[in-house]
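Taking it in order: structure first as structure tokens, then the write-up.
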Amino acid sequence: MRITKKIKDEMIRRLEILYHDTKSALNFNNPFELLVAVILSAQCTDVRVNITTQRLFKKAPTPHDIVNIGITDLELEIKDCGLFRNKAKNIFSTCKILCDKYNGQVPSDYNELLALPGVGRKTANVVSSIAFNRPAIAVDTHVFRVSNRLKLAIGKTPDEVEKKLQKAIPREKWSNAHHWLIWHGRKICKARQPLCEECSLKDLCPSFMERQSQD
DNA sequence: CTCCCGATAT
DNA sequence: ATATCAGGAG
């Protein structure tokens, strides 16, 4: 069944009320720290990333420092986050580029962000919107799952869901809505056992309706 | 599509 | 035991 524009607006309205004061769960003090944290966050909890970055930035706070400690030590530093060989290689290469091309700074241009190794659309959107205040909806695992369950934006890929979310949500709310959807996914609309009974959107949610009518 | 991958929740 | 965790590259 199709979800009307009116219902989607009501979903957004309720999410905004519920999660209006939420922000990034990743700890960072500047765009560079955010960039590294987001690269590390792939297939890893934010709690684990925050423990790792705190330790890492104490030893190597700048791109230059990370290039100096080298890939092998970097691998050991970030091992707990998983996918550590890929992440270490990407963070190292990205830091080298930041030093060589950008004077040790993170570029604010979207396409330049996207061109960095280990930076895909999701990471570029997060850095772009949080660090540089550009409207963007980063579609991570939570945003993807919640959007599909609510049928707020249906898609087989994150890119597809991103495009549909951009149509469903006014541009000035994009960056905030990204956080509303994440927090809803973390607290209520969880991957394994969603807390549908506690969900303030259950009367609007097609997935909950379907689940109801089964038993 | 597959591979990368340790920590954690269920 | 196994699904999942703020994905991206080949």
Side-chain angles (χ1 to χ4, degrees), chain A residues 15 19 21-29 31-56 71-97 106 110-132 134 136-149 152-153 155-163 165 174-198:
Chain A
L15 288 169
Y19 304 106
D21 59 344
T22 57
K23 55 181 176 62
S24 176
L26 299 170
N27 298 336
F28 62 95
N29 296 300
F32 173 66
E33 290 191 2
L34 176 63
L35 174 61
V36 173
V38 180
I39 293 175
L40 286 174
S41 71
Q43 300 294 292
C44 181
T45 61
D46 52 303
V47 175
R48 178 57 49 189
V49 172
N50 287 335
I51 294 169
T52 301
T53 51
Q54 186 176 34
R55 205 176 52 213
L56 173 63
I71 290 196
T72 308
D73 281 350
L74 184 56
E75 283 182 355
L76 291 175
E77 284 294 329
I78 68 170
K79 195 166 175 293
D80 291 350
C81 293
L83 308 178
F84 64 95
R85 273 181 275 264
N86 286 333
K87 289 174 182 175
K89 195 195 309 172
N90 287 330
I91 291 170
F92 181 85
S93 304
T94 284
C95 287
K96 213 165 166 48
I97 294 171
V106 177
Y110 185 79
N111 288 316
E112 291 183 319
L113 278 172
L114 205 51
L116 297 169
V119 178
R121 203 172 169 81
K122 181 255 172 178
T123 301
N125 280 349
V126 171
V127 174
S128 188
S129 74
I130 298 181
F132 300 114
R134 309 279 175 75
I137 306 175
V139 178
D140 67 0
T141 182
H142 296 301
V143 175
F144 184 78
R145 179 181 66 252
V146 173
S147 298
N148 271 302
R149 281 191 182 154
L152 178 61
K156 295 187 207 68
T157 66
D159 282 16
E160 233 176 299
V161 169
E162 183 184 341
K163 282 181 189 169
L165 283 174
W174 284 3
S175 298
N176 289 329
H178 155 245
H179 287 120
W180 306 337
L181 289 164
I182 284 187
W183 282 94
H184 192 59
R186 288 163 55 91
K187 299 296 182 188
I188 304 291
C189 197
K190 301 194 286 185
R192 278 178 113 165
Q193 287 181 316
L195 307 177
C196 294
E197 290 304 332
E198 298 178 33

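Any value given below was found using the heavy atoms of this structure, including those in side chains, with hydrogens, waters and symmetry copies removed.
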What integer distance in Å separates A:Q43:CD from B:dA9:P? 17 Å
Looking at every strand, decide which applies to A:A25 at a 4.0 Å heavy-atom threshold: base, sugar-phosphate, or nothing. base
For A:H142 and A:R192, find the nucleotide of DNA chain C closest to each by heavy atoms; which residue's nucleotide sits nearer the 5' end? A:R192
Could you tell me how far B:dA7 sits from C:dG8 if I compare only their P atoms? Round to whole Å. 22 Å
For A:H142, which residues count as a side chain to side chain donor-acceptor pair (under 3.5 Å) partner, sequence neighbours excluded? A:R145
Looking at A:N50 and A:N27, would you say the former's side chain and the latter's main chain have a donor-acceptor pair under 3.5 Å? yes
Can you sort out the partners of A:H184 under side chain to side chain donor-acceptor pair (under 3.5 Å), two or more places apart, ordered by chain and number? A:Y19
Measure the distance from CG on A:L74 to P on B:dC5 and round it to the nearest whole Å. 13 Å
Which of these, A:V36, A:V47, A:I78, sits in a side-chain contact (heavy atoms from CB on, under 4.5 Å) with A:T52? A:I78
Contact class for A:G82 vs. all strands (heavy atom < 4.0 Å): base, sugar-phosphate, or nothing? base
Contact boundaries of DNA chain C with chain A (under 4.0 Å, heavy atoms), 5' to 3'? C:dT2 to C:dA9
Could you measure between the two P atoms, the one in C:dA6 and the one in B:dT2, and give it in whole Å? 24 Å
A:Q193 or A:C81, whichever maps to the more 5' nucleotide of DNA chain B: A:C81
Taking any heavy-atom pair under 4.0 Å as a contact, classify A:V49: base, sugar-phosphate, or nothing. nothing
I need the CG-P distance between A:D46 and B:dA9, as an integer number of Å. 12 Å
May I ask you to verify whether the side chain of A:R48 and the base of B:dA7 hold a donor-acceptor pair under 3.5 Å? no
Please measure how far the C1' atom in C:dT2 lies from the corresponding atom in B:dC5, and state the result in whole Å. 15 Å
With the threshold set at under 4.0 Å for non-hydrogen atoms, list the residues of residues 83-94 of chain A touching DNA chain B in residue-number order. A:L83, A:F84, A:R85, A:N86
Can you name the residues that form a side chain to side chain donor-acceptor pair (under 3.5 Å) with A:R121, not counting sequence neighbours? A:Y110, A:E162
Could you give the CG-to-C1' distance, from A:L40 to B:dA7, as a whole number of Å? 14 Å
Can a donor-acceptor pair be found, under 3.5 Å and without considering hydrogens, that links the side chain of A:K23 to the backbone of A:I130? no
Determine whether A:F32 and A:C95 make a side-chain contact, defined as any pair of heavy atoms from C-beta on separated by less than 4.5 Å. yes
Between A:S128 (side chain) and A:N125 (backbone), is there a donor-acceptor pair under 3.5 Å? no
Can you tell me how far OG of A:S24 sits from CG of A:L34, rounded to the nearest 0.5 angstrom? 6.5 Å
List for me each residue that meets side chain to side chain donor-acceptor pair (under 3.5 Å) alongside A:E33, sequence neighbours excluded, and say none if there are none. A:N29
Between B:dG6 and C:dG10, how far is it from one C1' atom to the other, in whole Å? 23 Å
What is the nucleic acid contact for A:T123, judged by heavy atoms within less than 4.0 Å: base, sugar-phosphate only, or nothing? sugar-phosphate
